[in-house]
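To keep things clear, I will list the structure first and then write my remarks on it.
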Amino acid sequence: SKDAGQPWQIWATGTALGRAAKGNYYAMSQLVEDEDAAEIVQEMSEEFFGADTSTFFRALSAMALTNVPWNRDDYSGFANEQRKILAAFKEVAVNPIVLAGDLHDGYAWQLYEDGAVDGTPCAINLVCPGVTSPGWGGALFPAFSGLSETLGSTNAVYDLMEAADETANPGLKYYNMQYKGFFAVKATKAEHVAEFFVVDPETMLTDYANARATSNSIVADFMCDAQLTTTAGQPGSLTRSDECSAIEFDPERSPILDMPFPDSSTEGAVQLSDCGYDECEFAVADDLKSPVGTPEDEKTTSGPESSTLRVSRLFMVAAW
């Protein structure tokens with residue numbers, strides 16, 4: 001807390017605290033730098049938005065123009081509760097960090113005092129993208145895929161749609177509707193750094209064994225999408241970079257993943273609760289088998305059909 005002198009107050013909640021309207025996709029041409037391309041984008045927008053089948057997209061653009069959030073089952077639908085949370089942050093926190101999910105896409109917001117659309121930053125909200133669940137990209141891209149040739153690539157179309165959302169929401173400093181992935185966080189006394197990583201859709205369709213073989217790691221290949229840094233003593237600060245450099249991942253398989261478990265019945269088996277979740281020793285025998293084998297350096301000589309795996313509290317916390 002603020003009174004305890006801690007630099008960060010990190011709160012994980014089930015859904016987003018940031019307030020988001022969708023972008024004004026009708027006016028995306030205003031975000032295109034090349035004048036000729038912008039003219040083509042506007043012509044296509046006028047044709048598309050004038051069609052009888054485009055009611056949904058006209059509604060999204062109208063919501064952007066009037067700052068109406070699209071999602072009512074996150075905190076955008078509970079404005080009173082949102083303001084109370086932000087007021088509590090101001091009273092007891094120094095640098096509030098809100099971690100969330102639920103929206104299927106990746107977001108990073110500056111949150112403003114009293115839940116305002118813009119104003120004085122008081123906290124940040126990082127929203128983890130889904131791993132497989134569909135997001136806005138799958139719903140919106142087919143309507144604007146015809147812009148790929150004009151803008152030069154599929155990625156450029158996604159970038160333009162994401163820029164439209166960021167323009168409609170002053171506090172939205174990062175948005176990705178194209179890729180699935182995850183973010184990782186590193187906090188020091190001076191900085192809180194969140195790095196968003198994404199997975200190529202083709203990689204997601206690869207089976208586990210081939211993905212690991214390609215990446216030469218315990219996980220599939222992933223790539224940096226953005227780094228977002230909050231500076232201690234500057235609540236709500238959020239500086240974006242396209243390069244990730246703060247967080248390193250261990251490519252080796254953790255021994256914790258080889259912890260044995262009963263194949264069927266747990267009767268008579270040692271439970272983590274039996275040893276207070278600290279320095280737990282598990283017998284590896286016929287009735288307790290590791291799915292991939294216990295590492296050689298953790299085996300004992302207690303018998304030809306048994307060995308021991310020790311799990312400490314610190315190790316478990318780091319792994320889980």
Side-chain angles (χ1 to χ4, degrees), residues 12 14-16 20 22-23 99-109 125-166 172-186 193-229 240-259 290-293 295 318-320:
T15 191
K22 294 306 293 175
L99 308 180
D102 186 44
L103 300 188
H104 298 199
D105 294 330
Y107 297 80
W109 274 286
N125 185 192
L126 306 172
V127 177
C128 188
V131 177
T132 58
S133 51
W136 277 104
L140 298 181
F141 178 75
F144 301 108
S145 60
L147 296 175
S148 298
E149 183 175 351
T150 299
L151 298 178
S153 68
T154 295
N155 288 345
V157 178
Y158 277 104
D159 289 344
L160 182 59
M161 293 190 295
E162 291 161 0
D165 276 52
E166 292 173 9
L172 186 58
K173 304 305 179 183
Y174 168 79
Y175 177 44
N176 189 317
M177 69 167 75
Q178 182 177 8
Y179 292 109
K180 300 303 170 186
F182 63 97
F183 70 73
V185 167
K186 180 178 181 180
V193 180
E195 294 185 340
F196 281 76
F197 299 93
V198 297
V199 180
D200 186 272
E202 291 299 320
T203 302
M204 294 178 65
L205 298 175
T206 304
D207 65 78
Y208 183 58
N210 286 328
R212 286 182 64 182
T214 301
S215 67
N216 195 31
S217 179
I218 61 171
V219 297
D221 280 325
F222 53 84
M223 49 194 171
C224 167
D225 195 48
Q227 180 188 87
L228 296 124
T229 302
R240 177 174 172 175
S241 170
D242 292 330
E243 297 183 1
C244 300
S245 58
I247 298 172
E248 296 183 359
F249 295 91
D250 186 352
E252 301 298 325
R253 180 181 175 88
S254 169
I256 195 70
L257 300 177
D258 293 327
M259 187 176 72
S290 166
V292 292
W320 293 337

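This one's a predicted model, so the numbers in the text were calculated from it and none came from an experiment. Both backbone and side-chain heavy atoms feed into the values below; hydrogens, waters and symmetry mates do not. Count residues from 1 along the sequence.
For Ala16 against Val127, the heavy-atom pair with the smallest separation is CB-CG2, 3.9 Å. Here the closest non-hydrogen pair linking Ala226 and Cys244 is O-SG, 3.7 Å. Listed here is the closest heavy atom pair of Phe144 and Met161: CD1-SD, 3.6 Å. For the pair Gly181 and Val131, the tightest heavy-atom approach, listed with the atom from each and the gap, is O-CG2, 4.4 Å. Arg240 approaches Leu228 most closely through the heavy-atom pair CB-CD2, 4.0 Å. Between Pro251 and Ile218 the shortest heavy-atom distance is O-CG2, 3.1 Å.
With a 4.5 Å cut-off on side-chain heavy atoms, Pro201 and Tyr179 count as touching. Between Leu160 and Leu151, some side-chain heavy-atom pair lies under the 4.5 Å cut-off.
The main-chain N or O of Asn210 is never found under 3.5 Å from a side-chain atom of Thr206 such that the two would form a donor-acceptor pair. In terms of modelled atom types and a separation under 3.5 Å, the side chain of His104 and the main chain of Pro134 share a donor-acceptor contact. Distance alone, capped at 3.5 Å, is enough to place a donor-acceptor pair between the Glu195 side chain and the Ser245 backbone. The backbone N or O of Gly23 lies less than 3.5 Å from a partner atom in the side chain of Asp165, making a donor-acceptor pair. With hydrogens and angles disregarded, a donor-acceptor distance shorter than 3.5 Å links the side chain of Glu166 to the backbone of Tyr175. Formation of a donor-acceptor pair under 3.5 Å by the Gln227 side chain with backbone atoms of Phe196 is not found in this model. Without hydrogens or angle criteria, Ser148 side chain to Ser145 main chain gives a donor-acceptor distance under 3.5 Å.
A salt bridge (Lys or Arg N to Asp or Glu O under 4.0 Å) check over residues 172-184, counting only residues at least two apart or in different chains, returns the pairs Asp105-Lys180.
By the neighbour-count criterion of 12 heavy atoms within 6.0 Å, atom CG of Asn216 is sparsely surrounded, having that number or fewer from other residues, nucleotides or ligands.
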Tyr158 and Ser153: CA distance, side-chain angles, deciding distance, side-chain contact (heavy atoms from CB on, under 4.5 Å) verdict: CA-CA 9 Å; Tyr158 277 104; Ser153 68; over 6 Å; no
Audit row: Lys186, Glu248, salt bridge (Lys or Arg N to Asp or Glu O under 4.0 Å) steps and yes/no: CA-CA 10 Å; Lys186 180 178 181 180; Glu248 296 183 359; over 6 Å; no
Test log, rule side-chain contact (heavy atoms from CB on, under 4.5 Å), inputs Val198 and Gln178: CA-CA 9 Å; Val198 297; Gln178 182 177 8; over 6 Å; no
Stepwise side-chain contact (heavy atoms from CB on, under 4.5 Å) check, Asp159 with Glu162: CA-CA 5 Å; Asp159 289 344; Glu162 291 161 0; 3.8 Å; yes
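Residues forming a side-chain hydrogen bond (donor to acceptor under 3.5 Å, both in side chains) with Thr203 (at least two apart in sequence, or on another chain): none.
Between Phe249 and Phe222, the ring-plane angle classifies as perpendicular under the 30° and 60° cut-offs.
Checked against the 6.0 Å centroid criterion, the rings of Tyr174 and Tyr107 do not qualify as a close aromatic pair. Ring centers of Phe197 and Phe183: at least 6.0 Å apart, outside the cut-off.
Here SG of Cys128 is found 11.0 Å from CG of Leu103. Values are rounded to the nearest 0.5 Å. From Leu99, atom CG reaches atom CG of Leu126 across 6.0 Å, with rounding to the nearest 0.5 Å.
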